[in-house]
A.B. asks: 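Have a look at this one.
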Protein chains: 2
Amino acid sequence: MSDLIKVAVDAMGGDYAPQEPVKGAVDAANEKTELFIYLVGQEDKIKKELEKYTYPKERIQVVPASEVIETGEPPVNAIQHKKDSSMVVGLRLVRQGEASAFVSCGSSGAVLVGGQVLVGKTKGVERAPLAPLIPTEHGVSLLIDCGANVDARASHLVQFAKMGSIYMENVMGVKNPKVGIVNIGAEEEKGNALVKETFPLLKECSDINFIGNVEARDIPKGVCDVIVCEAFVGNVILKLYEGVGSTLISKVKSGMMTSLRSKIGALLVKPALKETLKTFDASQYGGAPLLGLKGLVVKSHGNSKAIEIRNAIFQCITFTREDICGKIKEHITT
Amino acid sequence: MSDLIKVAVDAMGGDYAPQEPVKGAVDAANEKTELFIYLVGQEDKIKKELEKYTYPKERIQVVPASEVIETGEPPVNAIQHKKDSSMVVGLRLVRQGEASAFVSCGSSGAVLVGGQVLVGKTKGVERAPLAPLIPTEHGVSLLIDCGANVDARASHLVQFAKMGSIYMENVMGVKNPKVGIVNIGAEEEKGNALVKETFPLLKECSDINFIGNVEARDIPKGVCDVIVCEAFVGNVILKLYEGVGSTLISKVKSGMMTSLRSKIGALLVKPALKETLKTFDASQYGGAPLLGLKGLVVKSHGNSKAIEIRNAIFQCITFTREDICGKIKEHITT
């Protein structure tokens with residue numbers, strides 16, 4: 001039991017709760033025998049879902065929490081007042097060391113606030129960034145920070161670069177990950193005040209592989225593994241990725257419907273195209289870690305299905321095994 | 001002659017100079033009899049190109065300029081020292097009132113610097129924004145500012161909103177254009193310090209149709225006509241649009257090549273798809289105006305062909321006829 005990796009899952013968060021989080025947890029536990037999962041939320045609803053499946057009963061435990069934090073609620077208020085919500089109870093399990101990680105598809109704001117307030121930042125970490133993986137031509141890159149705290153300082157961005165490098169190297173297995181800072185030109189002297197202040201600091205870091213500026217145009221090409229930016233810019237990048245992608249795909253679909261000839265063609269290309277486009281869907285990558293905390297908190301997309309939740313849980317195994325929290329603590333102040 | 005609209009065209013700027021700028025100018029002059037075009041640049045090269053075409057000789061005049069500003073040159077330096085460059089000579093024509101507009105596919109930085117230094121800002125305008133049209137599901141939106149001056153103040157953004165509204169209403173014919181400010185959430189209290197300061201000021205403007213925050217995810221859906229943002233963010237949006245678009249289209253293409261079945265389908269959908277995707281290509285829209293100057297300066301994409309240059313020249317006709325410079329001067333300080 002002591003070698004099990006314990007992950008708390010928010011059974012009440014997301015568009016398809018509790019069905020999909022429960023199914024994702026069951027799938028994960030069935031597949032990986034080193035997992036122990038706490039399913040946090042309304043006991044009767046979770047148990048009703050669990051009845052549908054065959055699963056290792058000794059490795060899935062329901063942890064009752066009567067309240068649910070809704071997506072629209074003001075995050076700080078929700079975390080303060082809904083003390084018996086699945087989110088607060090789940091995050092407390094991490095705080096108390098009962099679980100090494102917490103996975104939720106619930107309100108982003110509440111996950112971000114709750115992670116910082118209830119789990120707490122690692123000593124030395126100035127700000128805990130939310131770092132989703134985004135798809136590129138060659139695989140994925142880590143976009144750090146997309147959190148709720150905007151107007152970062154240069155010292156924050158330097159820490160993001162270090163934390164992102166540790167994550168990509170140890171969780172994603174990228175050797176010597178390339179770190180770039182988002183800028184509006186490739187030249188060193190370009191940028192806003194924040195980027196100009198951060199650039200020389202990143203150049204001085206001996207423990208990261210800093211490659212300089214990255215223009216937004218080159219992000220989808222996968223030119224670097226860790227994309228450092230302030231959270232306002234990160235949010236714009238993340239959401240525009242999603243927006244341009246979905247608009248363009250709907251354009252492609254409607255373009256195929258304009259003539260009989262193209263309609264027949266559409267039937268033929270559909271299966272291959274669907275498979276290809278799936279690799280370019282940001283929601284496929286099993287959730288974004290909130291880094292720099294005393295435990296791991298993973299925010300999965302609100303519309304996650306069981307497979308994405310399962311992937312998010314799997315991410316927790318590597319994260320825990322590789323002791324990312326310990327590695328961040330060690331590197332962050334040097 | 002006095003009723004002619006005089007436009008100066010940089011014959012030496014862009015990837016396909018002088019061929020495409022000259023062809024674009026010839027096409028424009030042939031199509032619109034109210035146009036008078038100054039083709040600015042190396043006389044022998046321009047004349048050699050002009051020999052290929054039939055065109056109204058009384059409405060196209062070559063203005064000699066011996067130097068060329070290259071894309072990589074530091075803009076301030078280039079504008080200061082290459083006094084006989086096509087860019088400097090062309091901008092001077094606007095400054096002196098010889099031409100009402102200048103169109104260039106050359107170095108963005110040099111166009112931005114040159115426009116402000118040589119043409120000069122309209123009285124009351126604090127900063128001249130570069131405002132490209134970007135494609136959306138429903139047509140186009142104006143993204144203002146994508147210029148080189150980052151770290152804007154709230155008062156700049158308010159002026160951008162006003163100038164953008166005047167442009168969309170009078171040049172693009174959008175009645176009561178919807179103005180949104182780029183933010184990381186839909187709620188009024190969200191945002192970085194700049195957006196929080198700007199939001200209430202925009203709400204107070206009685207001469208614009210302010211609809212509130214726009215999330216990057218919704219920009220491609222065309223939820224507003226004028227998208228207000230600081231230039232760093234604007235550059236990220238513009239370039240990511242291009243980057244995600246081109247990566248996704250190459251994914252679609254390679255996805256269609258994965259099986260014999262899909263290859264046959266690809267042949268059938270290709271023509272329809274090509275036509276559809278063209279409407280989503282940011283470079284198709286004939287160049288971005290640099291607003292708030294004493295004349296019009298239009299920056300066209302470096303890879304513009306004759307058709308885009310022609311479109312940029314056409315834009316100058318409406319801009320001049322509708323006296324956008326005068327309207328901006330009138331509204332900007334109120």
Side-chain angles (χ1 to χ4, degrees), chain A residues 109 136-137 148 150-151 182-185 191-195 215-221 229-233 235-252 254-259 261-277 279-280, chain B residues 109 136-137 148 150-151 182-185 191-195 215-221 229-233 235-252 254-259 261-277 279-280:
Chain A
T136 69
E137 279 179 26
V150 293
D151 296 320
V182 176
N183 205 347
I184 60 171
N192 56 15
L194 176 65
V195 172
E215 282 199 84
R217 178 194 290 128
D218 297 324
I219 292 175
K221 291 185 193 147
C229 58
E230 177 275 324
F232 190 93
V233 171
N235 270 282
V236 165
I237 292 172
L238 186 67
K239 286 171 183 170
L240 195 62
Y241 233 82
E242 197 181 311
V244 173
S246 84
T247 293
L248 207 52
I249 288 166
S250 81
K251 284 252 172 202
V252 167
S254 69
M256 287 179 180
M257 291 298 132
T258 49
S259 69
R261 175 188 159 141
S262 65
K263 278 181 194 168
I264 296 166
L267 285 175
L268 297 171
V269 297
K270 206 178 160 192
L273 203 53
K274 207 173 161 186
E275 205 46 50
T276 309
L277 291 177
T279 65
F280 208 73
Chain B
T136 69
E137 278 179 28
V150 294
D151 296 321
V182 176
N183 206 346
I184 60 170
N192 57 15
L194 175 65
V195 172
E215 282 198 84
R217 180 192 289 127
D218 297 324
I219 291 175
K221 292 186 191 146
C229 58
E230 177 274 324
F232 190 92
V233 171
N235 270 284
V236 166
I237 292 172
L238 185 67
K239 287 171 181 169
L240 195 62
Y241 234 80
E242 199 181 311
V244 173
S246 83
T247 293
L248 208 51
I249 288 166
S250 81
K251 283 252 171 200
V252 167
S254 69
M256 287 179 180
M257 291 297 134
T258 49
S259 69
R261 174 187 161 141
S262 64
K263 277 181 194 169
I264 296 166
L267 285 175
L268 297 170
V269 297
K270 205 178 161 192
L273 203 53
K274 206 175 164 186
E275 206 46 50
T276 310
L277 290 178
T279 66
F280 208 74

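Computed from a predicted structure; not experimentally measured. Labels below follow one simple rule: chain letters A, B, ... track the order of the sequence lines, proteins then strands, and each chain is numbered from 1.
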A.B. asks: On a heavy-atom basis, which atom in S262(B) and which in G255(B) lie closest, and how many Å separate them?
C.D. replies: OG-O, 4.0 Å
A.B. asks: Tell me, do N183(B) and E215(B) make a side-chain contact under 4.5 Å, heavy atoms counted?
C.D. replies: no
A.B. asks: Answer with side chain, backbone, both or neither: which region of E137(B) has an atom nearer than 4.5 Å to a non-hydrogen atom of chain A?
C.D. replies: both
A.B. asks: Please classify the contact of V150(A) with chain B as side chain, backbone, both or neither, using a heavy-atom distance under 4.5 Å.
C.D. replies: side chain
A.B. asks: Heavy-atom pairs under 4.5 Å with chain A - which of A266(B), A216(B), S254(B) has more of them than the others?
C.D. replies: A216(B)
A.B. asks: Hey, what do you get for CZ (R261(A)) to NZ (K270(B)), rounding to the nearest 0.5 Å?
C.D. replies: 10.0 Å
A.B. asks: Measure across V269(B) and G265(A) and return the closest heavy-atom pair with its distance rounded to 0.1 Å.
C.D. replies: CG1-C, 3.5 Å
A.B. asks: L194(B), I237(B), I264(B): which one forms the most heavy-atom pairs within less than 4.5 Å of chain A?
C.D. replies: I237(B)
A.B. asks: Looking at chain B, which one of N235(A), L240(A), V252(A) has the largest number of heavy-atom pairs inside 4.5 Å, strictly under?
C.D. replies: L240(A)
A.B. asks: Considering only heavy atoms and a distance below 4.5 Å, find which of P220(B), G109(B), A148(B) pairs most often with chain A.
C.D. replies: P220(B)
A.B. asks: Among all residues two or more places apart in sequence or in another chain, which pass the side chain to side chain donor-acceptor pair (under 3.5 Å) test with S250(B)?
C.D. replies: none
A.B. asks: Which region of V195(A), side chain (C-beta onward) or backbone (N, CA, C, O), has a non-hydrogen atom less than 4.5 Å from a non-hydrogen atom of chain B, or is it both or neither?
C.D. replies: side chain
A.B. asks: Counting heavy-atom pairs under 4.5 Å to chain A, which of I219(B), D218(B), V236(B) comes out on top?
C.D. replies: V236(B)
A.B. asks: Name all residues meeting the salt bridge (Lys or Arg N to Asp or Glu O under 4.0 Å) criterion together with K251(B); count only those two or more places apart in sequence or in a different chain, and write none if there are none.
C.D. replies: none
